[in-house]
Amino acid sequence: MSRVETPTGAWAMDVEPSREGIVGRSLLAAFASVVALWPYVPVVQAGQWSLIVGTLIFIVTLIGAIVRVLMADRSAPARTLTTVLVQLAASVFLLTAMLLPQTALLGILPTPATATAFTELAVQAGVEVYNGSAPLEDTLALRTVFGTAFAVVIILIDVLIAHRRALPAAALVTVVGALPIIITLGDANVVWFVALAALILMLLRSSAGHDRHSARRTSTVVMAGVGVGAIALTVVVAPILPVSASWMVPGSGVTVDASLRLGDDLRRPNPTQVMSLATTAETAPYLRIATLSRFNGEVWRPDRDETQSLSDGFGDPEWSDELAGDDRRTSIRVLGLSSSRLPVPYPAERLVGVSTGWEVMPSNRTVVSEAVDASGRDYTVTSALVRPTFEQIAASRAAGGDQTVDDLSELPAIIPQTAADVTADSASDYEKLIALQNWFRSEFEYSIDTPVEEDFDGTGAEAVATFLEVRSGYCVHFAGAFALMAKTLGMPVRIVVGYLPGELTDEKRGDDYVYAVMSDQLHAWPEVHFEGIGWVPFEPTATLGTPTAFARGETTGGTGSGPGQTPTPTTAPSAAPSDVPTIAPENPDEALGGDVVRQRLDPTPVLLTVAGALVVLLLPLLARSLRRAARMGRARGGDAASAWLELRDTMVDLGLNPSDAQSPRVRAAELATERGADPESLGALVRAIERASYAPASSGTRSRRARDAEDLAEPLHRVLKELRGSVDARSRFVALCAPRSLFVARPAVQLSV
């Protein structure tokens with residue numbers, strides 16, 4: 001038979017519709033998408049982002065396979081367009097359901113509010129990437145960008161591989177995968193390069209194997225040489241490529257999350273204004289963003305307590321009515337700050353001026369959101385002024401606060417011993433805390449360089465022990481040491497992340513003083529809970545802020561200073577990098593000390609993706625096995641039609657392409673001659689199908705047939721085994737995992753009746 005020439009052009013390979021190879025190419029597209037995703041694992045903390053992208057890989061490639069199978073008889077352009085449209089629609093619905101269901105109809109159908117939220121989150125993600133350092137926190141903004149970007153990448157990869165465009169597909173995977181390695185100046189990921197080389201060889205084989213102009217035989221030596229050369233070249237060249245900060249998102253915004261990773265932010269060379277605030281009080285308040293109450297021996301973990309609607313308020317006050325003074329109103333305008341939390345003074349009681357999407361965490365009176373960003377917000381907060389006297393707080397016990405019990409048995413001895421020594425002469429809990437505060441402010445030095453130089457830039461127990469010996473660090477170390485020492489004294493304590501009051505400006509809004517809050521005023525301080533009073537802040541950081549002090553008798557003290565009295569750090573910022581992470585806000589098992597601990601891929605999406613791929617792979621195998629078993633059972637009872645259909649479908653699965661125009665005798669003779677099948681077994685099958693097809697079909701004949709029917713399962717099994725042995729291993733594997741007979745129409749076997 002002469003070969004039919006196909007037209008040339010972009011769609012030449014798909015002019016003759018065929019279901020063969022669709023599953024294999026979809027699995028190859030899924031593997032290529034995983035290869036493109038893998039380099040992002042070390043630069044983003046493990047979390048929901050990997051589950052989202054893993055789900056997209058599974059759904060998009062599965063939809064591609066299903067649509068192409070269903071439309072195999074349509075033209076190539078129509079098939080491709082339909083597949084892409086269905087994949088895009090599925091991606092939009094999936095991303096909406098997983099990221100912003102609260103903005104969608106029925107939680108899945110996007111609305112204009114969804115589009116607006118996606119836009120805001122994309123801007124926020126750009127700022128987070130520009131200002132962040134690896135590994136980035138798994139935020140809603142990053143999930144949105146990763147999900148949207150990878151949905152497009154996965155669809156492109158799937159389309160290119162479906163049309164066997166090996167070089168464009170390989171280039172796309174390489175560019176997407178190499179981007180985080182180049183930008184972060186990370187070490188060469190040899191495992192990824194090996195996987196990339198293997199993928200490229202698989203893509204070339206898939207493309208060349210269906211090109212009528214390509215060689216029919218390949219050289220293993222050449223393939224191995226190309227792979228080794230590609231890996232060696234990439235490993236050498238990638239790390240030395242030039243990197244420019246302008247490749248990232250422009251701007252000078254600051255990203256703040258619920259962690260104590262403040263070192264890199266404080267060491268930024270050019271501080272920028274992140275907020276302005278105007279207040280009716282005589283002093284500007286500290287602004288809190290998040291609190292961290294749980295300590296597991298290595299890291300302080302941020303509070304993830306229940307939230308409620310902003311309209312429901314901030315909860316009941318923890319202080320008695322006799323301690324409450326006049327309310328304080330603070331207007332805050334967020335400028336160059338990106339965060340999923342609004343900066344607010346403590347204790348906040350009412351907030352106006354922000355749209356929906358924000359919620360209150362009553363346990364710490366912070367304001368959080370999963371859908372909107374703080375950047376550009378302009379709002380007013382009313383907060384209480386709680387002013388106990390010295391006698392009142394000295395008579396109160398440091399207890400309550402719903403604090404979890406932490407295991408402090410593994411703390412270095414210097415921490416509890418120093419706490420006991422410093423507070424030995426103090427009578428009350430409050431006096432002990434004031435003694436700690438004064439000791440830190442008088443005996444220690446503020447420095448953002450020392451922790452890096454001495455290799456203790458963290459808040460773990462070992463870092464605190466080193467800080468107590470070196471006696472030099474910045475706010476994170478002061479707050480972390482104070483908090484752990486207070487814990488050893490049996491007091492409920494937490495660390496607050498936020499901003500110092502800022503610097504007084506010449507501007508006024510009516511009678512309000514206006515303060516400018518700069519990026520280098522990012523701060524951390526401890527709070528201790530007192531019964532009947534609530535959480536009381538302390539300021540142990542030397543030269544920063546205003547130390548806590550409550551006056552005796554009728555004269556009330558405070559925690560703030562007059563306008564312009566807030567001191568600022570005098571140590572010049574340094575560009576030296578931090579070698580140790582100080583907090584793992586999402587992953588409490590992240591270790592501290594030594595080199596930066598890279599996050600591993602979240603195993604859940606990987607397992608789900610692998611399980612989904614196995615299900616897709618095993619469904620055809622299971623369906624074919626059930627069909628074969630049913631036919632074998634009928635053949636054992638003498639059903640010639642079932643035996644003959646099973647023989648034909650096995651030939652289709654093995655790629656032997658039987659012709660339905662052949663008579664049973666011609667087919668049997670061909671199989672015996674060309675495939676070495678047993679003539680005797682073939683003869684039994686031929687006689688049975690001929691007798692069933694052409695013998696008279698009277699009632700007596702049918703009963704006699706049923707009585708005299710011979711077992712056809714044994715000869716059929718022998719023939720099928722010999723046919724499988726006549727083809728190569730690849731054909732047997734394809735026949736087992738992707739049986740073609742399930743996807744092609746089979747003629748009915750006509751029998752006399």
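Just so we're clear, the structure is a prediction, and the values are computed from it rather than from any experiment.
For the pair F118/T103, no side-chain contact is recorded, criterion being any heavy-atom separation below 4.5 Å from C-beta on. Proximity of S625 to L621: side-chain heavy atoms (C-beta onward) are separated by under 4.5 Å at one or more points. The side-chain heavy atoms of V35 and F31, taken from C-beta on, include a pair separated by under 4.5 Å. At a threshold of 4.5 Å between non-hydrogen side-chain atoms, the residues M98 and R143 do not count as touching. Taking 4.5 Å as the limit, every side-chain heavy atom of L736 sits out of range of all side-chain heavy atoms of R624. Within the 4.5 Å cutoff, no side-chain heavy atoms of T61 are placed close to those of I157. Side chains of S91 and I155 form a contact here, defined as non-hydrogen atoms less than 4.5 Å apart. Between T83 and I63 the shortest side-chain heavy-atom distance does not fall below 4.5 Å.
Although no hydrogens or angles enter the test, the distance criterion places a donor-acceptor pair under 3.5 Å between the side chain of S726 and the main chain of L723. Panel note: side chain Y40, backbone V176; a donor-acceptor pair is recorded below 3.5 Å. Side-chain atoms of Q87 come within 3.5 Å of backbone atoms of V60 as a donor-acceptor pair (strictly under, hydrogens ignored).
Ring orientation note: the planes of F146 and W49 are tilted relative to one another, at an angle of 30° to 60°.
Donor-acceptor pairing under 3.5 Å is lacking for the side chains of S642 and R631. Side-chain N/O atoms of T650 and E646 include a donor and acceptor closer than 3.5 Å.
Using a 4.0 Å cut-off between charged nitrogen and carboxylate oxygen, D653 and R648 do not count as a salt-bridge pair. Under a 4.0 Å N-O distance rule, the pair E722/R718 does not qualify as a salt bridge.
When all heavy atoms of R25 and A162 are compared, the pair lying nearest together is NH1-O, 2.6 Å. When all heavy atoms of V686 and P664 are compared, the pair lying nearest together is CG2-O, 3.7 Å. The minimum heavy-atom distance between I108 and A97, with the atom names listed, is CG1-CB, 4.4 Å. Residues G147 and I52 approach most closely at CA-CG2, 4.3 Å, considering heavy atoms. Residues R68 and V159 come closest through the heavy atom pair NH2-CA, 4.0 Å. In terms of heavy-atom proximity, L100 sits nearest to T114 at CD1-O, 4.1 Å.
Interatomic distance, CE of M202 versus CG of L27, reported as 9.0 Å (0.5 Å rounding). Note that CG of D158 and CD1 of I57 are 11.5 Å apart. Values are rounded to the nearest 0.5 Å. Summarising the geometry, atom CD1 belonging to I59 is positioned 10.5 Å from atom CD1 belonging to I154; distances are rounded to the nearest 0.5 Å. In this structure, CZ in F93 is found 11.0 Å from CG in L106, a value given to the nearest 0.5 Å. Once rounded to the nearest 0.5 Å, the distance linking CG of D649 with CZ of R627 reads 6.0 Å.
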Quiz item: Run the side-chain contact (heavy atoms from CB on, under 4.5 Å) check on L56 and L95 step by step: do they pass?
Solution: CA-CA 9 Å; L56 282 170; L95 289 172; 3.8 Å; yes
Quiz item: Can you check side-chain contact (heavy atoms from CB on, under 4.5 Å) on M651 and L671, steps first, answer last?
Solution: CA-CA 10 Å; M651 294 178 65; L671 292 178; 3.7 Å; yes
Quiz prompt | Check against salt bridge (Lys or Arg N to Asp or Glu O under 4.0 Å), R665 and E690 | solution = CA-CA 9 Å; R665 287 183 179 273; E690 287 181 341; 2.8 Å; yes
Quiz item: Going through the distances and angles, do L656 and V727 end up as a side-chain contact (heavy atoms from CB on, under 4.5 Å)?
Solution: CA-CA 9 Å; L656 301 181; V727 299; 4.0 Å; yes
Exercise. Before giving the answer on side-chain contact (heavy atoms from CB on, under 4.5 Å), spell out for L720 and M632 the whole-Å C-alpha distance, their side-chain angles and the decisive distance to 0.1 Å.
Key: CA-CA 11 Å; L720 298 184; M632 280 292 186; 3.7 Å; yes
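Shown are L85, V84, V86; of these, the side-chain contact (heavy atoms from CB on, under 4.5 Å) with T82 is made only by V86.
Atom CD of E714 has 12 or fewer neighbouring heavy atoms from other residues, nucleotides or ligands inside a 6.0 Å radius.
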